[in-house]
Amino acid sequence: MLNNQKMIDEINKMKKEKNAVILAHNYQIPEIQDIADFVGDSLGLSQIAGKTEADIIVFCGVHFMAETASIISPNKKVLIPDLDAGCSLASSITAEQLREWKSENPDAVVVSYVNTTAEIKAESDYCITSSNAVKVVESIPADKKILFLPDRFLGQYVKTVTGRNMEIWSGACHVHEKIGNVEFDKIAENHPKADFLIHPECGCSSSCMLKSTTMESDNIHIVSTEGMIKHVQKSQANEFVVATETGILHRMKQFAPEKDFYPVSEESVCEYMKMITLDKLYFALLNEQYEVKVPEELAAKARLPIERMLEIV
Ligand code: 13P
Ligand code: SF4
């Protein structure tokens, strides 16, 4: 087996030879973030996947992200270094369940989070990510009932902000759901000057939103992972309490090494995101494995909701 430095050199060499681009989500391990061409959130990475001139996209993230890249860039070879890198949230609804829900609400508009399978997207009218969920929902005619899926915390957040007539699927991400049990008031007492950065998938997002509107808490920010990074870049605060997967701290520290970052829980780790390692990335490029290709018939149906998501930023 090659040592890490040799592997990094080989990855960079193959990347050039094969005209490949490496995209990494903000939750990836530091070694993967450091070698990637782009690191970002679901929306940003989808935008890059749609525009890239590369022939091969290596997606260091989870399966639905690689599927989304394949749908919007059907002529590129999209690779994921580990096919088992799934997502508990994407697994929380099946296409069959969605079809049944739609049949009970024939006039409703279906809004799906990007953390869904291609089959679910193909049954949807709009796709959203955590960074544009509110804007996309606001773009839908006000008289329309909305079926929102699959994340109940993000759904509740969007419903409260927009005041829309919305039914919400009861799915959740196993990592963010647990963040609902964290004792925020105690953490706030220990870090009175910190900015609180909270992902809307968190189990606590509704109570935190309530706090941010009813208390003197303009230091609470409910944002996507990239929204967190942007906030760190512009904030005057010296301390940040971070409520999302801990992989994001690596990038935050790179942007502001002199500041302090505290995860609300060290246990907020997504085992799926962590399946992508340097050696799997090396083999992905070497053997051009594992290709994620959404069949064109399905991709054609899933493309419209994704394009709507990419238009509204
Ligand atoms: P972002 O789109 O905010 O990066 O979130 C993706 C995700 O999987 C959150 O768990
Ligand atoms: Fe899915 Fe949760 Fe992992 Fe994000 S953190 S990829 S929502 S399981």
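Because only heavy atoms are used, hydrogens play no part in the values below, and waters and symmetry mates are left out as well, while side chains stay in. We're numbering straight along the sequence, starting at 1. Start at 1 and go down the list; that is how both ligands and their atoms are numbered. In this text the structure is predicted, and so the values were computed from the model without any measurement.
We find that E138 and K135 are not joined by a salt bridge, their nearest charged nitrogen and carboxylate oxygen being 4.0 Å or further apart. Electrostatic pairing of E245 and K274 counts as a salt bridge here, judged by a charged N lying under 4.0 Å from a carboxylate O. Using a cutoff of 4.0 Å between basic side-chain nitrogens and carboxylate oxygens, E10 and K6 are scored as salt-bridged. With respect to the salt-bridge test (charged N to carboxylate O, under 4.0 angstrom), the residues E239 and K259 do not qualify.
For K293, the NZ atom counts as densely surrounded, since its 6.0 Å shell holds more than 12 non-hydrogen atoms of other residues, nucleotides or ligands.
Remark: ligand 1 atoms within the under-4.0 Å shell around heavy atoms of S224 are 3 (O). Contact atoms of ligand 1 toward D41: 1 (P), 2 (O), 4 (O) (distance under 4.0 Å to a heavy atom of the residue). In the vicinity of S88, heavy-atom distances shorter than 4.0 Å reach the ligand 2 atoms 8 (S). Distances below 4.0 Å separate heavy atoms of H176 from the following atoms of ligand 1: 10 (O).
Note on ligand 2: E201 sits in its first shell, one or more heavy atoms being nearer than 4.0 Å. Assignment of H25 to the shell around ligand 2 is not supported, since no heavy atom sits closer than 4.0 Å. Taking 4.0 Å as the cut-off, N26 does not count as a neighbour of ligand 1 on heavy-atom distance.
Note on H174: not counted as a metal contact of atom 3 (Fe) of ligand 2, no N/O/S atom lying under 2.8 Å. Not one N/O/S atom of C87, from backbone or side chain, sits under 2.8 Å from atom 2 (Fe) of ligand 2.
By heavy-atom distance, the residue among V114, T225, N115, D151 lying nearest atom 7 (S) of ligand 2 is N115.
Counting heavy atoms under 4.0 Å from ligand 1, residue E226 does not touch it at all. Here E245 has no heavy atoms under 4.0 Å from ligand 1, in either its backbone or its side chain.
Closest non-hydrogen pair, S265 versus T246, comes out as O-CG2, 3.7 Å.
One side chain, T244 or Y27, offers a donor N or O that lies under 3.5 Å from an acceptor on the other.
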